[in-house]
Each structure stands twice: as structure tokens, then as C-alpha cells.
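One structure is given here, and the rest of the page talks about it.
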Amino acid sequence: MASAIKKKGHRAPSHAGEEPPFKKVLIANRGEIALRVILACKELGVQTVAVYSEADRNALHVRFADEEVCIGPAPSAKSYLNIPNLIAAAEITGAEAIHPGYGFLSENAHFQEVCAACGITFIGPNAEIIRRMGNKAEAKATMLAAGVPLMPGSDGLLADLDDAMATAERIGYPVIVKASAGGGGRGMRIVNSPDEMANAFDTARSEAKIAFGDDSVYMEKYLLEPRHIEVQLMGDLFGNIVHLGERECSIQRRHQKLIEESPSAALTPELRQRICDTAVKAAKAVGYYNAGTIEFLLDKRGDFFFMEMNTRVQVEHPVTELVTSIDIVKEQLRIAAGRKLSFTQEDVVQKGHAIECRINAEDPWKFTPCPGRLTALNFPGGPGIRIDSAMHQDAVIPPTYDSMVAKLIAYGATRDEAIARMRRALDTLVIEGIKTTTPLHRRIMDHPDYISGAFSTKWMETFMAERDAERAQAQG
Ligand code: ADP
């Protein structure tokens, strides 16, 4: 491992009005979220340590941190997931705390324990909470005990194929078999009828074993056209838990979010209140603290069901920041330093509307990754536009990591204004040299279903089919 490099002229200034929560924080991540954490630290007068793999030598998070440490070669297992190297980097730089971002080690209970054993503050909840909520089957059992509505499904894990068949008979097809250790939309299989079960059960288990090293699976009723609604929570070490309203994340492809917004066009004030209150109750049941999200599926009748909890900051947190004017990452740092939440439930007001488009380095219609070197870049600006990205002129997008290269976020007084701003921002976003999903987002922003708010998690399938039919007609 290379030694730490201290830069000149990058010392964090002292922050007026608030004592910095830490002297120095190491960010165990890369890309836009590493940069996002650095920005929060700069505002709070906290010094930063960037870690990077050999593929990220010229990355923006490295440039803007006060210190930098190379933690290994490009593959994540040897760098961003390499716990001994991360801890060594924190020790040689004297970082008091580690922010894990999202992905990588952010929901790794063992990493939290190692940090604690080394006297380093992990910016997130403790290992027990991470473990309990990270195992989806166990999380559901906890939620059941707390009186949170659950989707009809298996009672814990599925023992074998017979159990799977019997459970599906009981709850009714279609059903979904899910990996208990699952995440990122992987390890899930939809089963429409008994003859599909044996195959689905086996593939879900072997996929889970390969992806997560754990082949335990459970079953849920598969809802046909639900909406994905999640609630942002923040809690401190004194038992205060507050919700920051909901996010709508129904525009998805293969169970992966593409567009998120806040507030959701699907909720009445009464339903919003019920979902948010349920999320607070759920978080209280596990003694939750720091930032977390509870995800629900909402059916057409207005019934909602707990799906999972993410014990970290989420990709889509900016939409909540824009409508509540609360800086979630700064608050994470304060909470980790043992401070009380800087706001109460009454202080949280959702004002206006925010939409986020995830810009991925992918072919917009085939969704195949398109890594490469940028040849031109222009980020849009103007009223109501925020961009969270670590891209820069001449940046090289390595094939090794996640394909998300920018989050384009539009804020408006109303949903219509946010959409109008998103359209013109997408029109003036220039990324050349690689393919991105920008044209896909631009098309969605013009679609009557998106504009009216009439969509579910299934909607992208219809949208893609419409587009394919149009293309076939144009060619034929
Ligand atoms: P991951 O942790 O891999 O992201 P989730 O459990 O959060 O997986 O589910 C991701 C997406 O999969 C949801 O947003 C939803 O679109 C779909 N999904 C999951 N469970 C169900 C279900 N029971 N019925 C219908 N869709 C589901």
C-alpha cells in the first residue's frame, strides 16, 4: 500500500458557527458519493482522506480531498472492499471516522465491528442493527413483531422445494422467491405457476450463493403493478427518530431504480402520514440511528407492505434534501459524533418537488455498459438544477465499477416545473465519448404517463415495448 500524501493548500477552514464534528474523516468509497461526502466535510470544516484504487488515480474525489491513500489495484475486492487496507489508511492518516457511502462496505456489519475495535467511528448504525436489517428474512420477522404490515409470504426462510410449493399454494400465484442476503435487484425470481417453481427455486438459490455466499431464500406474494415508496429516516443516539418524508422510486428497470422523486404523486396527505408514521415505528423497534431508509410496496388499493430497510445513505437522497432543505450527509456526521438531531419532526416540511435521473454509462436502449474516455462534457445549470457527479473533462470511466456517472436532479415549486427544468437540463447535458442513458430520460420526461404520474414498477416494460414497436415500424 502506498503511503498517504498530504496536499498543500487544501486545509479545511474552520467552520463559522459550528464546531466541526470530527477533525478528520476517511471516505471508504469512490465516485459521486465520495465527492458528496467530501463536500459535506468541507462545509463543516472537517479534513478529508480519500482512498482510491489504481484505476481511480485521477478521480475527482482524490483531487478534492485533503489527503489521499492508494489502497490497491482496480478490482473492488482488492481495494474498496479491502478492510485491512482501509483501516491502515485511516490509522496512518489519523482519521477518527470512516464514512462508507453506499454500496461497497456500507452495509457490512463486520466492517463496522473492525472500525469500532480500532477506535474509529463508523458513520452509520451499529453492527447489530446492520446485521438484523441486512438479512431480509430476519428484518421481516422484526417488522412483524413491531406491527408493520408485511406482504403475505413464507414464515421466514423456505426449507425446501416442498415448502416453496406449499407456501405458493397458500398465498396464491404469482409469487417471488428472494435471496435473504439479496441487494441491487439480484437473487429474485418471479414464479407464475407451479410448473415454474422447481427451476425458479434452484436458480434463485444458486444465484444467491454466487452473489452473496448465502443460498437462503424466502417467498412473497408478487404484486402486479405496485409502486415503490420509501421513507427517509434519521435518528440520533438519544432515541430521537424523525422521518424526512417519502420518495417515489417506481421507475425501474430489472428492479434497479432509474428515476426517483419526492414527494410521490401517488400519496394523499393521509396515506403519506400513515406510511411515514409506520416507518418511524419500524425504525424505533430496532433502536435505529444515523440515516436509513425503509422501503415499501404500495398496491392499487392503498395498502402498503414493508419490503426492506437500507442502513446507509441512498443514491437518491438528494431529492429529499431539496424538498426538505436538510443536508442528510452533514447530519450523518453530526449524529456519528454523538450530537442530537439538529431538527425535530415539526421542523421537517416537504416544499416543492424534486426529481432525480440516474445517468449511467450505458447504451440507452440496450442497457449494455459503455465505459471509456470522455471527449466533451457540459453540465447544465440554471435555476433548480443540481448535479452530483465525479465526472470531469478527460475522465476515464473504468469498466470495473458501477455504471452510474452522474445524478441530475431538478427542483421546482411544482412537479410540472421540476419536469420542465429536467427537460431543459437533459437538453443541455453534453457527455461525449461514451454512451449514456440521457436520451432515455429525455423521452420519459415527455411521456404522458410520466407527466400524469400514472406509473408502477412495471411501467418501464411497457415504455420499452412501445419504443421497440415504434422502431420496428420506422424500419419496416
Ligand atoms: P434489492 O434489495 O435487490 O433492491 P428489493 O427487495 O428492494 O431488492 O426489491 C427491488 C424491487 O423489486 C422493488 O422495488 C420492486 O420493484 C420489486 N419487487 C420486490 N418484491 C416484490 C414483490 N413482492 N412484488 C412485486 N415487486 C417486487
Side-chain angles (χ1 to χ4, degrees), residues 102-104 106-108 130 132-144 148-154 157-158 164 167-168 170-192 200 203-205 207-208 210-212 214 216-232 246-261 264 266 275 279 282 292-301 303-316 358 402 404 455-464:
Y102 53 69
F104 295 125
S106 61
E107 292 181 288
N108 185 310
I130 299 172
R132 204 151 154 207
M133 301 318 280
N135 182 303
K136 292 185 178 189
E138 196 180 329
K140 287 187 82 165
T142 308
M143 291 302 121
L144 183 67
V148 175
L150 296 186
M151 218 106 50
S154 56
L157 299 175
L158 291 171
T167 307
R170 176 168 60 80
I171 61 179
Y173 288 90
V175 297
I176 183 166
V177 178
K178 289 172 140 182
S180 195
R186 287 176 303 168
M188 285 191 260
R189 275 286 173 287
I190 299 157
V191 192
N192 292 298
T203 38
R205 276 177 60 149
E207 223 177 84
I210 293 165
F212 313 109
D214 173 359
S216 50
V217 292
Y218 64 103
M219 185 184 287
E220 273 173 5
K221 175 98 187 144
Y222 184 67
L223 299 184
L224 284 180
E225 289 181 354
R227 294 179 81 122
H228 174 121
I229 306 284
E230 59 185 36
V231 179
Q232 176 70 52
E246 86 286 8
R247 289 185 289 261
E248 159 93 55
C249 312
S250 299
I251 305 290
Q252 305 179 347
R253 186 182 165 272
R254 296 208 177 140
H255 309 306
Q256 293 268 44
K257 298 162 189 168
L258 288 176
I259 300 177
E260 303 97 345
E261 57 185 282
S264 163
I275 293 190
T293 300
I294 298 208
E295 299 188 335
F296 296 100
L297 286 181
L298 173 72
D299 72 12
K300 285 192 175 138
R301 292 185 314 198
D303 289 329
F304 58 89
F305 308 94
F306 171 83
M307 195 161 45
E308 66 163 338
M309 179 163 199
N310 291 131
T311 55
R312 53 168 166 81
V313 68
Q314 297 213 204
V315 173
E316 56 272 26
R358 296 190 187 191
D402 184 26
M404 194 183 72
F455 50 79
S456 75
T457 57
K458 280 267 163 218
W459 183 77
M460 274 300 288
E461 281 177 30
T462 324
F463 171 81
M464 291 305 286

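Note that ligands are numbered from 1 as they come in the structure, with each ligand's atoms numbered from 1 the same way.
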Exercise. Evaluate the side chain to side chain contact (heavy atoms under 4.5 Å, CB included) criterion for residues R227 and F455: first the C-alpha distance (whole Å), next the side-chain angles of each, then the deciding distance (0.1 Å), finally the verdict.
Key: CA-CA 8 Å; R227 294 179 81 122; F455 50 79; 3.6 Å; yes
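The single protein non-hydrogen atom nearest to atom 4 (O) of ligand 1 is G185 N, 3.5 Å, given as residue, atom name and distance. The nearest heavy-atom contact from the protein to atom 8 (O) of ligand 1 is K136 NZ, 3.3 Å. Distance from atom 26 (N) of ligand 1 to its nearest protein heavy atom, with residue and atom name: Y222 CE1, 3.4 Å. Among all protein heavy atoms, the one lying closest to atom 7 (O) of ligand 1 is E308 OE2, 2.7 Å. Considering only non-hydrogen protein atoms, atom 12 (O) of ligand 1 sits nearest to H255 ND1, 3.0 Å. Of the protein's non-hydrogen atoms, the one nearest atom 10 (C) of ligand 1 is M188 CE, 3.8 Å. Closest to atom 15 (C) of ligand 1, if we only count protein heavy atoms, is Q252 OE1, 3.8 Å.
Scanning both residues, E107 and I130, for their nearest heavy atoms gives O-CG2, 3.3 Å. Scanning both residues, S106 and R312, for their nearest heavy atoms gives OG-CD, 3.4 Å. The minimum heavy-atom distance linking P174 with L224 is given by the pair CG-CD2, 4.0 Å. Shown here for Y102 and V313, the closest heavy-atom pair between the two residues is CB-O, 3.4 Å.
Contacts between L297 and ligand 1, counted as non-hydrogen atom pairs separated by less than 4.0 Å, involve the side chain only. Of the heavy atoms in Q256, none comes closer than 4.0 Å to ligand 1. Counting heavy atoms under 4.0 Å from ligand 1, residue K221 touches it through the backbone alone.
Residue R170 qualifies as enclosed at atom CZ: its count of foreign heavy atoms under 6.0 Å is above 12.
In terms of N/O distances under 3.5 Å, ligand 1 is approached by H228. At least one N or O atom of L223, backbone or side chain, sits closer than 3.5 Å to an N or O atom of ligand 1.
Below 4.0 Å from some heavy atom of T457 lie the following atoms of ligand 1, by number and element: 16 (O). Listed by number with element, the atoms of ligand 1 under 4.0 angstrom from any heavy atom of I176 are 22 (C), 23 (N). Counting atoms of ligand 1 from 1 in the listed order, those under 4.0 Å from a heavy atom of E295 are 7 (O).
The backbone N or O of H228 sits less than 3.5 Å from a side-chain atom of S250, completing a donor-acceptor pair.
Between E308 and K140 there is no salt bridge, since no side-chain nitrogen of the basic residue lies less than 4.0 Å from a carboxylate oxygen of the acidic one. The pair R247-E230 meets the salt-bridge criterion, with a side-chain N (NZ, NE, NH1 or NH2) lying under 4.0 Å from an Asp/Glu carboxylate O.
Note that NZ of K257 is 12.0 Å distant from OG1 of T457, once rounded to the nearest 0.5 Å.
Relative to atom 19 (C) of ligand 1, the option among M151, K178, M309, R227 with the closest non-hydrogen atom is K178.
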